[in-house]
Each structure stands twice: as structure tokens, then as C-alpha cells.
Amino acid sequence: MASPRILIYIMRRDLRIADNPILSEISRLYQQTKHPFTHLLPIYVFPADQVEVSGFLRPGEHRSPYPEARSSVGGFWRCGHHRAKFVAESVWCLKEDLEGLGSGLEIRVGRVGDVLKQVLEGYKEESDAEVTCVWMTSEEGVEERREERDVKRIVKREGMEFRLWTDEKYFIDDNTQLTVVVSRDLPFTNPSDLPDIFTSFRKTVEPLREAPRRTLPTPAK
């Protein structure tokens with residue numbers, strides 16, 4: 001019997017099963033005769049740099065291995081109790097939704113790179129399963145991009161496939177890095193073509209209200 005082949009899906013802000021590009025692609029691939037993987041392991045990490053994680057310490061542990069989640073300049077807590085409650089409820093709802101599809105959600109605390117290394121080491125030491133690829137969606141932000149680089153470095157070092165997906169977060173794709181990636185919605189191919197007046201710009205995108213992009217189907221299992 002062949003060893004299980006695992007795809008790790010690192011979830012950050014894409015906490016949903018509906019209109020999810022990665023889950024939609026996984027569902028499509030799994031319907032094929034030959035699957036590139038046999039099992040899916042979704043992982044969510046409460047980020048120690050943004051959320052204070054000292055409350056997750058095990059009995060007997062007295063100090064968190066991570067510094068307090070405060071801003072570097074003002075020393076303010078980066079996550080208040082309202083946001084913490086919202087994120088926790090979102091993660092729990094996602095866990096229940098994934099369990100309804102026959103999957104689940106591995107919830108960890110720390111930094112994404114540290115957690116990924118622990119998971120990969122655990123499979124090497126205690127399982128005959130093989131992790132073949134790691135997928136995640138791209139995010140905007142300095143810390144998020146740093147996480148993506150860390151994950152890519154770890155995955156490439158292990159000789160696995162790393163794939164970074166684009167998530168549909170916005171009604172209009174107004175990517176202004178037109179010299180690198182041409183926007184799918186704006187009728188411009190060069191930043192110098194952008195109107196100087198906002199009203200002129202607004203009129204170029206108003207027709208998109210009548211033709212939004214189609215949402216991706218929700219996986220059935």
C-alpha cells in the first residue's frame with residue numbers, strides 16, 4: 001500500500017470554505033483519477049507577532065517563547081479583545097465547516113515558519129506519510145510577506161512544492177504595480193495612463209458593478 005501523500009494548506013485570512021481558490025482547486029483535483037495527494041491538512045496559526053499568546057501556555061510553562069505582541073514604537077497591544085474574539089470565532093466556525101466536509105483544522109500558536117518546521121519534523125519522525133506540497137494564499141503586508149518567504153524557504157529546502165495563490169479579496173482588482181502585473185479590471189497598461197482626477201478614474205470602473213467576477217463553488221466534500 002502506497003504511503004499517504006499530504007498537502008498542507010496554511011490558512012491566514014482566507015478563513016472560509018466558500019469562494020476559496022485553494023479549496024476549489026483541491027476539490028477539482030480530487031475528482032481526477034490520479035490525485036497529486038491523498039490527504040489534506042489545513043493549518044491555522046494564531047500569529048504570536050500580532051496576538052498575545054501567553055494565555056496558551058501549557059500547565060507548568062511559565063514563560064512564552066515569543067515576545068509580547070506589542071507595537072515596536074508605541075508599545076501598544078497589537079490585538080484588542082474585540083479582534084481576538086472575532087478571529088477566534090472565525091477560526092472555530094472554519095473548523096466546524098471543514099469538519100462538515102470530512103476534513104478538519106489543525107490549530108497552532110506561534111509563528112508560521114516555526115509551526116511548519118515542527119509539523120514536517122513530526123511527520124519525518126513518527127509517520128510513514130509524506131508531505132508533498134504546501135499551499136497558501138498571498139497577503140499584503142510586511143509581516144505577511146515575511147511569512148511567505150519563510151515558508152517558501154523551508155519548503156524548498158525540503159524539496160517539496162510550494163505554491164502561493166492569489167485570493168479574491170476585493171470587488172475590483174486595482175493592482176497599481178502595472179509594470180509587473182497587469183490589472184484584470186483596469187483599462188490601463190502603464191501607471192502614467194492613470195487619470196489625475198479621481199472622478200475620471202471612478203467612471204472607468206463603475207461599469208464593473210454590473211459584471212462582478214463569478215464566485216468559486218463551495219466544495220461538497
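Model, not experiment: these values are computed from the prediction. Residue numbers count from 1 along this sequence.
Within a 6.0 Å sphere centred on OH of Tyr66, other residues, nucleotides and ligands contribute more than 12 heavy atoms. Counting non-hydrogen atoms of other residues, nucleotides and ligands closer than 6.0 Å to CZ of Arg63 gives a total of 12 or fewer.
Annotation: side chain of Leu40 is not in contact with side chain of Trp135 (no heavy-atom distance under 4.5 Å). The shortest distance between side-chain heavy atoms of Ile107 and Phe56 does not fall below 4.5 Å. The shortest side-chain heavy-atom distance between Leu120 and Met160 falls under the 4.5 Å cut-off. With a 4.5 Å cut-off on side-chain heavy atoms, Thr166 and Pro21 do not count as touching. Side-chain contact between Pro36 and Thr132: absent, with no pair of heavy atoms (C-beta onward) separated by less than 4.5 Å. The shortest distance between side-chain heavy atoms of Tyr123 and Leu41 falls below 4.5 Å. In this structure the side chain of Glu148 reaches within 4.5 angstrom of the side chain of Arg12, judged on heavy atoms. Leu101 places none of its side-chain heavy atoms less than 4.5 Å from the side chain of Asp97.
Here the straight-line distance linking atom NZ of Lys203 with atom CD1 of Ile197 works out to 9.5 Å at 0.5 Å rounding. Residue Glu143 holds its CD atom at 4.0 Å from CZ of Arg78, rounded to the nearest 0.5 Å. Atom-to-atom distance recorded for Asn20:CG and Tyr9:OH is 3.5 Å, nearest 0.5 angstrom. How far CG of Asp114 is from CD1 of Ile154: 7.5 Å, rounded to the nearest 0.5 Å. Separating the CG atom in Asp150 from the NZ atom in Lys117 is a distance of 8.0 Å, to the nearest 0.5 Å. Leu7 contributes atom CG, which lies 10.0 Å from atom CZ of Arg163 (distance to the nearest 0.5 angstrom).
Donor-acceptor pairing under 3.5 Å is recorded for the side chains of Ser54 and Glu52.
Side-chain atoms of Arg145 come within 3.5 Å of backbone atoms of Glu139 as a donor-acceptor pair (strictly under, hydrogens ignored). With hydrogens and angles disregarded, no donor-acceptor distance shorter than 3.5 Å links the side chain of Asp19 to the backbone of Ile17. Looking only at distances, a side-chain donor or acceptor of Ser90 sits under 3.5 Å from a matching main-chain atom of Phe86. Distance alone, capped at 3.5 Å, places no donor-acceptor pair between the Arg111 side chain and the Ala48 backbone. Panel note: side chain Thr137, backbone Trp165; no donor-acceptor pair is recorded below 3.5 Å. At least one donor-acceptor pair under 3.5 Å links the side chain of Ser71 to the backbone N or O of Phe76.
Ring-plane geometry between Phe201 and Phe198 is classed as tilted, the angle between the planes lying from 30 to 60 degrees on a 0 to 90 degree scale.
When the side chains of ILVMFWY residues are joined at heavy-atom separations under 4.5 Å, either directly or via intervening members, Val119 and Val155 end up in a single hydrophobic cluster. Transitive grouping of hydrophobic side chains (ILVMFWY, heavy atoms separated by less than 4.5 Å) keeps Val109 and Ile10 in distinct clusters. Under a hydrophobic clustering in which Ile, Leu, Val, Met, Phe, Trp and Tyr are joined whenever their side-chain heavy atoms come within less than 4.5 Å, directly or via other members, Leu105 and Ile6 fall into different clusters. Hydrophobic clustering (ILVMFWY, side-chain heavy atoms < 4.5 Å, transitive): Ile43 and Met136 are in one cluster. Cluster membership for Leu94 and Ile8, using ILVMFWY side-chain heavy atoms within less than 4.5 angstrom, is not shared.
Classification of Glu140 and Arg13 as a salt-bridged pair fails, no side-chain N sitting under 4.0 Å from a carboxylate O. Taking a cutoff of 4.0 Å between a charged side-chain nitrogen and a carboxylate oxygen, Lys124 and Glu121 do not qualify as a salt bridge. Ionic pairing of Glu89 and Lys85 is present here: one or more N-O contacts between side-chain nitrogen and carboxylate oxygen are shorter than 4.0 angstrom. Ionic pairing of Arg16 and Asp167 is present here: one or more N-O contacts between side-chain nitrogen and carboxylate oxygen are shorter than 4.0 angstrom. With respect to Arg108 and Glu106, a salt bridge is recorded, a charged nitrogen being found less than 4.0 Å from a carboxylate O.
Closest approach of Ser24 and Pro219 over heavy atoms only: N-CG, 4.5 Å. Shortest non-hydrogen contact noted between Arg70 and Trp77 is NH2-CZ2, 2.8 Å.
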Residue pair Glu99, Lys95: steps toward the salt bridge (Lys or Arg N to Asp or Glu O under 4.0 Å) verdict: CA-CA 6 Å; Glu99 289 173 347; Lys95 181 176 182 294; 2.6 Å; yes
